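Read through the structure below, which is laid out as structure tokens, and then see the notes.
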Amino acid sequence: MFNLQGKTAVVTGAGSGIGAAVANTLHSLGANVALIAKSETNIKNIAHRLDNKLLKTSYYPCDVQREEQLLTTKKKIIDKWEKVDILVTCAAAPATSGKTENLDFKEWRSILSIDLDGVFLSCKVFGTSMLQKKYGRIINMTSFHTTATYPERAAYNAAKAGVEGLTRALAVEWGQFGITVNAVAPGPIRTPRTVWFLSQSYDVELNMIGRTPNARIGEVEDVAATIAFLASDEAKHINGQQITIDGGWTKSAWWGRYEKKY
């Protein structure tokens with residue numbers, strides 16, 4: 001099994017859901033982990049839960065939409081651990097949906113500002129340090145919505161498609177400097193956000209599972225394990241890829257219903 005001993009990882013959006021699971025997994029594999037989120041409360045609790053003495057964990061309230069905040073945070077992280085080896089961008093805007101013709105432009109910009117601009121700024125700020133060290137692993141969070149989607153998700157789809165394109169661009173630009181840039185695209189994963197969606201009616205989760213060849217909703221640990229592999233040296237020749245983690249949901253065109261048989 002690979003390990004991340006001696007590596008320093010930065011995880012944005014680490015206050016809950018997939019980001020928190022990623023922080024936990026990277027920490028368990030030996031990495032020093034810097035948790036970033038806009039609100040201090042959750043990341044403080046998670047950091048202390050992972051590492052009570054904060055020897056291999058630190059937390060930083062930071063708005064990824066603000067380059068100056070990211071630069072200040074980077075300086076603190078490098079002052080503590082001298083380098084950044086791994087960046088995982090999990091920060092995301094609050095869930096939203098609605099008909100495009102009713103979508104307020106300010107709401108559109110708010111989603112893109114966090115989900116796309118925030119990823120760009122995080123990659124730019126921490127990628128600069130990786131370029132200096134000639135080493136880095138960047139894993140961006142996209143979505144299975146870049147492949148197959150639901151109605152009324154225009155802003156979210158645009159943002160995640162932008163992150164997919166940014167990931168490709170950085171991979172071909174920075175690969176020669178020892179930096180790989182990949183994306184993971186979670187499908188139906190059980191998080192605080194999707195629990196709300198799945199609870200809208202009794203048959204939503206049933207139908208979601210019924211379309212999924214693996215016949216289950218994914219868990220945050222499924223995503224975190226893939227990210228940990230991409231962050232490792234074993235994945236050093238994987239670059240510019242988007243890996244979809246959806247139990248086969250986006251590959252299924254069957255009109256029947258899958259049932260778990262294992």
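Remember, it's a predicted structure, so these values are computed and weren't measured experimentally.
A distance of 7.0 Å separates CZ in Phe120 from CD in Glu67, rounded to the nearest 0.5 Å. Rounded to the nearest 0.5 angstrom, Ser113 OG and Lys106 NZ are separated by 14.0 Å. Atoms NZ and CG, from Lys160 and Asn140 in turn, are 9.0 Å apart once rounded to the nearest 0.5 Å. The OH atom of Tyr59 lies 6.5 Å from the CG atom of Leu54; values are rounded to the nearest 0.5 Å. Atom CH2 of Trp249 sits about 6.0 Å away from atom CE of Met208, to the nearest 0.5 Å. For the atom pair Phe126 CZ and Ile138 CD1, the distance stands at 10.5 Å (nearest 0.5 Å).
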- Message: Please determine whether side-chain contact (heavy atoms from CB on, under 4.5 Å) holds for the pair Leu4 and Leu26, giving the CA-CA distance in whole Å, both sets of side-chain angles, and the decisive distance to 0.1 Å.
- Response: CA-CA 7 Å; Leu4 300 174; Leu26 299 185; 3.5 Å; yes
- Query: side-chain contact (heavy atoms from CB on, under 4.5 Å) between Asp85 and Tyr135: does it pass, once the steps are laid out?
  - Reply: CA-CA 7 Å; Asp85 302 295; Tyr135 179 91; 3.8 Å; yes
- Would you check, one step at a time, whether the test side-chain contact (heavy atoms from CB on, under 4.5 Å) holds for Arg137 with Val88? CA-CA 8 Å; Arg137 300 283 181 268; Val88 186; over 6 Å; no
- Task: Show your reasoning for whether side-chain contact (heavy atoms from CB on, under 4.5 Å) applies to Asp233 and Lys7.
- Result: CA-CA 10 Å; Asp233 286 339; Lys7 306 295 187 185; 3.8 Å; yes
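Salt-bridge check for Arg190 with Glu205: passed, with a basic side-chain N closer than 4.0 Å to an acidic carboxylate O. Ionic pairing of Arg168 and Glu164 is present here: one or more N-O contacts between side-chain nitrogen and carboxylate oxygen are shorter than 4.0 angstrom. With salt bridges taken as basic N to acidic carboxylate O contacts below 4.0 Å, none links Asp117 and Lys124. A salt bridge is absent between Asp246 and Lys251: the closest approach of a Lys/Arg side-chain nitrogen to an acidic carboxylate oxygen does not fall below 4.0 angstrom.
For the residue pair Thr167/Gln242, the side-chain donor-acceptor check at 3.5 Å is not satisfied.
In this structure the side chain of Gln69 never reaches within 4.5 angstrom of the side chain of Leu121, judged on heavy atoms. Contact check for Gln241 versus Leu230: no side-chain heavy atoms found under the 4.5 Å cut-off. Contact of the Thr191 side chain with the Thr194 side chain is registered, since non-hydrogen atoms from C-beta on lie closer than 4.5 Å. Looking at heavy atoms from C-beta onward, Ile114 lies in side-chain contact with Gln65 at the 4.5 angstrom threshold. Side-chain contact between Ile179 and Leu131: present, with at least one pair of heavy atoms (C-beta onward) separated by less than 4.5 Å. With contacts defined as side-chain heavy-atom distances shorter than 4.5 Å, the pair Leu87/Met130 qualifies.
Looking at every heavy atom in both residues, Ile36 comes nearest to Cys62 through CG2-CB, 3.7 Å. What you find for Gly247 and Thr212 is that their closest heavy atoms are O-CG2, 3.4 Å. Considering every non-hydrogen atom in both Ala154 and Thr100, the closest pair reads CB-OG1, 3.5 Å. Listed here is the closest heavy atom pair of Val184 and Pro186: O-CD, 3.3 Å. For Pro188 against Phe144, the heavy-atom pair with the smallest separation is CD-CE1, 3.7 Å. The two residues Ile46 and Gly15 have their closest heavy-atom pair at CD1-O, 3.2 Å.
By the neighbour-count criterion of 12 heavy atoms within 6.0 Å, atom NZ of Lys44 is sparsely surrounded, having that number or fewer from other residues, nucleotides or ligands. The 12-atom threshold is not exceeded at NZ of Lys133, counting heavy atoms of other residues, nucleotides or ligands nearer than 6.0 Å.
Geometrically, Lys260 engages Tyr262 in a cation-pi contact, judged by NZ or CZ lying under 6.0 Å from the ring centre and within 45° of the ring axis.
Under the 4.5 Å side-chain heavy-atom criterion for Ile, Leu, Val, Met, Phe, Trp and Tyr, Leu70 and Leu35 are members of distinct hydrophobic clusters. Under the 4.5 Å side-chain heavy-atom criterion for Ile, Leu, Val, Met, Phe, Trp and Tyr, Leu29 and Val10 are members of distinct hydrophobic clusters. Taking hydrophobic clusters as Ile, Leu, Val, Met, Phe, Trp and Tyr residues chained together by side-chain heavy-atom distances below 4.5 Å, Val64 shares a cluster with Leu166. Ile86 and Val22 end up in the same hydrophobic cluster when Ile, Leu, Val, Met, Phe, Trp and Tyr side chains are linked at under 4.5 Å.
A donor-acceptor pair is defined here as one N or O able to donate and one able to accept, closer than 3.5 Å; such a pair exists between the side chain of Arg153 and the backbone of Pro151. Put simply, the side chain of Ser110 never gets that close to the backbone of Glu107: no donor and acceptor are under 3.5 Å apart.
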Going by atom type alone, with no hydrogens or angles, which donor-acceptor pairs under 3.5 Å involve a side-chain atom of residues 214-228 and a protein atom two or more places apart or on another chain?
unit_1, atom_1, unit_2, atom_2, d
Arg216, NH1, Asp222, OD2, 3.1
Arg216, NH2, Asp222, OD1, 3.4
Arg216, NH2, Asp222, OD2, 3.2
Asp222, OD2, Glu219, N, 2.8
Thr226, OG1, Asp222, O, 3.3

